[in-house]
Number of protein chains: 2
Amino acid sequence: MAAQRGEGETTTTPLEPADRERARAIPEAAVARLAVYLRVLSGMADQGVTAVSSEELSQAAGVNAAKLRKDLSYIGSYGTRGVGYDVEVLVSHIERILGLTRNHSVAVVGIGNLGHALANYGGFPGRGFPVTALFDVDADLIGVPVGGIPVSHIDDITAVCLEREVSIGVIATPPPAAQSVCDRLVSAGVQCILNFAPVVLQVPDNVEVRKVDLAVEMQILSFHVARRADEAASVSVGNNGLGVDGMVIRP
Amino acid sequence: MAAQRGEGETTTTPLEPADRERARAIPEAAVARLAVYLRVLSGMADQGVTAVSSEELSQAAGVNAAKLRKDLSYIGSYGTRGVGYDVEVLVSHIERILGLTRNHSVAVVGIGNLGHALANYGGFPGRGFPVTALFDVDADLIGVPVGGIPVSHIDDITAVCLEREVSIGVIATPPPAAQSVCDRLVSAGVQCILNFAPVVLQVPDNVEVRKVDLAVEMQILSFHVARRADEAASVSVGNNGLGVDGMVIRP
DNA sequence: TACCGCTTGTGAACGCATGCACAAAGTCGG
DNA sequence: CCGACTTTGTGCATGCGTTCACAAGCGGTA
Ligand SMILES: NC(=O)c1ccc[n+]([C@@H]2O[C@H](COP(=O)([O-])OP(=O)(O)OC[C@H]3O[C@@H](n4cnc5c(N)ncnc54)[C@H](O)[C@@H]3O)[C@@H](O)[C@H]2O)c1
Ligand SMILES: NC(=O)c1ccc[n+]([C@@H]2O[C@H](COP(=O)([O-])OP(=O)(O)OC[C@H]3O[C@@H](n4cnc5c(N)ncnc54)[C@H](O)[C@@H]3O)[C@@H](O)[C@H]2O)c1
């Protein structure tokens, strides 16, 4: 909706009605994997590979071959039985479904440790996500270029986001500021937010939020360490080699 | 089911076998949420809150109340019916299940844009994840302290990781180096890896990998933009300037 | 002590995602 | 042109995760 210019004509290449229905039905989990397939396929294309089978591609993407085929089937039937998939064709169809046929302007809010890293990162523009705006409250930062873009004051967020047609907002401020920054982004018309602050954001229904929570990631890893340690411990104590449900733990 | 003891009365082992069995059965998705609950609860504790109901906590964590209760039930029954949960009690039990009763040393490999941000980040040590080792190949960086820790050469990774008992390795190198760095971490005995490089890592079964893939996150957001735009487009045949839900889109 | 109202903990139903297994559909060699 | 071989696309079963709904349990109150 934010991408919608006036009425009728959009700059985005419209999907065929059939594709539109498909896109609506793609499971979230499959979308995430499609993005991974896309990267793997792009890499293959760069190396001159023109065709690939579901088996090869699934290996490279680290998933089950059947799952890969099912994922691809969500976007249509573009393979050739007995042969496999044409890399270029697959790339273009995945890009189309993911909405990568147009650029998505990114704004980063909070130009501290993380914000600097993000602003300097060269991987985004190349993939269709140019960083076009940076915001902070720190007076010493305003106007200073980071990664080639001068930092704007957070109070100008609405004007700047509208002017530069920002469609994705990245929050890299301290936790206490995150909700307020989020609200400002939303009122500036940004409907997609990537949040690095360890805070649960409240947003209206029409806004999509994804969070990257490193502490949570670490704690999940910690859980697995602990679980493994416990398993080892339970095996070393007068154990009979059987797990709780009778499965053999160690042959 | 999985929690039930073999046949008849098993010996009354005075350890905590119940918890061990429970931990094994916790769904991955629930573990991730437990980490979130823990953060919310810690915040509440800091503000002097001593008791909380599933309704309140679920609101704060942004999840369904029933789901929250089920998640908590995986770790045991520590609530009081008619009252709610004691914040301190819940915190300590979640910490125990997540293995946060001990510290987990973290090593960061690749001290570039992102590695610097991670090394300087103050949020990890406070939560039981002290960064104790940094690695890079760049000769100019070796010995230079970042966030108080001198950067070691990647070739010393095995010795340093063993000496500092590193249990989590964070990969922040360019994509081409990631697999090789991963292999080195694994042979240094690190069993948990957090990967920022947009690469699918191959590891043995006993190693746990979690990836943080910002490009994928952005592409998922892009997908939702596209989907929304399409929905709007399908409505906007003879559009009146109003979006699907009647909100003004952008003049 | 007995009752009442509130909140937990969980059995059960549901829905979504995964993985299997195979028919359909194509290629290629003869 | 045909038949053997390869790989896709998908119906189906299975398992996991979410949600509902309510009995069980507890504190407060009379
Ligand atoms: N640095 C990391 O590696 C890392 C890791 C995990 C999570 N995080 C999270 O990411 C966020 C940023 O981390 P950081 O290390 O870059 O912090 P930082 O303190 O280095 O930077 C925060 C920046 O946000 C700015 N800021 C503060 N309030 C603001 C506001 N209202 N509007 C706009 N800008 C504002 C500050 O001026 C500062 O420049 C934090 O929430 C942190 O918890 C960071
Ligand atoms: N910077 C970001 O915001 C960002 C965002 C998303 C993903 N990433 C990913 O994170 C990774 C790091 O990004 P960055 O921007 O910090 O890159 P960078 O180029 O700034 O830093 C990479 C560092 O890794 C070091 N290095 C190279 N090969 C190495 C090896 N074999 N062993 C040890 N160190 C080695 C380099 O010397 C350099 O210091 C990349 O894979 C990138 O795609 C970064």
Side-chain angles (χ1 to χ4, degrees), chain A residues 18-19 21-37 41 44 49-87 89-90 93-94 97 220 223 244-245 247, chain B residues 1-4 18-19 21-37 41 49-87 89-90 93-94 97 220 223:
Chain A
D19 286 338
E21 288 166 29
R22 280 209 189 87
R24 210 176 312 243
I26 303 179
E28 186 86 3
V31 173
R33 287 190 297 269
L34 283 171
V36 174
Y37 305 153
L41 286 164
M44 287 177 168
V49 178
T50 59
V52 68
S53 73
S54 65
E55 188 59 39
E56 294 167 317
L57 184 52
S58 70
Q59 292 270 331
V63 303
N64 179 299
K67 195 189 319 199
L68 177 131
R69 288 200 297 275
K70 178 141 290 192
D71 287 345
L72 292 182
S73 79
Y74 290 129
I75 67 173
S77 300
Y78 303 111
T80 309
R81 298 180 185 218
V83 177
Y85 301 89
D86 182 288
V87 174
V89 169
L90 222 43
H93 280 110
I94 296 178
I97 291 287
I220 294 172
F223 169 77
V244 275
D245 46 9
M247 273 175 57
Chain B
M1 20 182 135
Q4 88 181 6
D19 284 340
E21 289 165 25
R22 279 209 189 87
R24 209 180 310 244
I26 303 181
E28 185 85 4
V31 173
R33 286 190 299 267
L34 283 171
V36 174
Y37 305 153
L41 286 165
V49 179
T50 60
V52 69
S53 73
S54 64
E55 188 58 40
E56 294 166 318
L57 184 52
S58 70
Q59 291 270 331
V63 303
N64 180 299
K67 195 189 317 201
L68 177 129
R69 287 201 298 276
K70 177 136 289 195
D71 287 346
L72 293 181
S73 79
Y74 290 128
I75 67 174
S77 300
Y78 303 111
T80 309
R81 296 176 187 223
V83 177
Y85 301 89
D86 182 289
V87 174
V89 168
L90 222 44
H93 281 109
I94 296 179
I97 291 288
I220 294 172
F223 169 76

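Numbered from 1 within each chain, the chains take letters A, B, ... in sequence-line order.
Applying the side-chain contact (heavy atoms from CB on, under 4.5 Å) criterion to A/Ala60, with sequence neighbours excluded, gives A/Val40, A/Met44.
D/dT8 atom C1' lies 15 Å from atom CG of A/Asp86, rounded to whole Å. Distance, B/Glu28 CD to C/dC16 P: 22 Å, rounded to whole Å. Separating the OH atom of A/Tyr37 from the C1' atom of D/dT8 is a distance of 15 Å, rounded to the nearest angstrom.
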What nitrogen or oxygen pairs link the protein and nucleotides 24-30 of chain C at under 3.5 Å?
residue: C/dA24; atom: N3; partner: A/Arg81; partner atom: NH1; Å: 2.7

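In this structure, the side chains of B/Glu28 and A/Ile220 come closer than 4.5 Å at one or more pairs of heavy atoms. Side-chain contact check for B/Ile97 versus B/Tyr74: every heavy-atom pair is 4.5 Å or farther apart. In this structure the side chain of B/Leu57 never reaches within 4.5 angstrom of the side chain of B/Val63, judged on heavy atoms. Put simply, the side chain of A/Leu90 reaches to within 4.5 Å of the side chain of A/Leu41, judged on heavy atoms.
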Just do the side chain to side chain contact (heavy atoms under 4.5 Å, CB included) check on A/Phe223 and B/Ile26 with the steps written out, would you? CA-CA 10 Å; A/Phe223 169 77; B/Ile26 303 181; 4.2 Å; yes
What verdict does the side chain to side chain donor-acceptor pair (under 3.5 Å) test give for B/Tyr37 and B/Asp71, after you've listed the backbone C-alpha separation in whole Å, the side-chain angles of each residue and the deciding distance to 0.1 Å? CA-CA 10 Å; B/Tyr37 305 153; B/Asp71 287 346; 2.6 Å; yes
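A donor-acceptor contact shorter than 3.5 Å links the side chain of A/Glu56 to the backbone of A/Ser53.
Proximity of B/Tyr85 to the phosphate of D/dC26: no side-chain N or O atom is located under 4.0 Å from OP1 or OP2. Using a 4.0 Å cut-off, no side-chain N or O of B/Ser54 falls inside it from OP1 or OP2 of C/dT7.
Of the candidate nucleotides C/dT8, C/dG9, D/dT18, C/dG9 has the atom lying nearest to any side-chain atom of B/Ser73.
Across residues 61-72 of chain A, A/Asn64, A/Ala66, A/Lys67, A/Arg69, A/Lys70 each have a non-hydrogen atom less than 4.0 Å from an atom of DNA chain C (numbered order).
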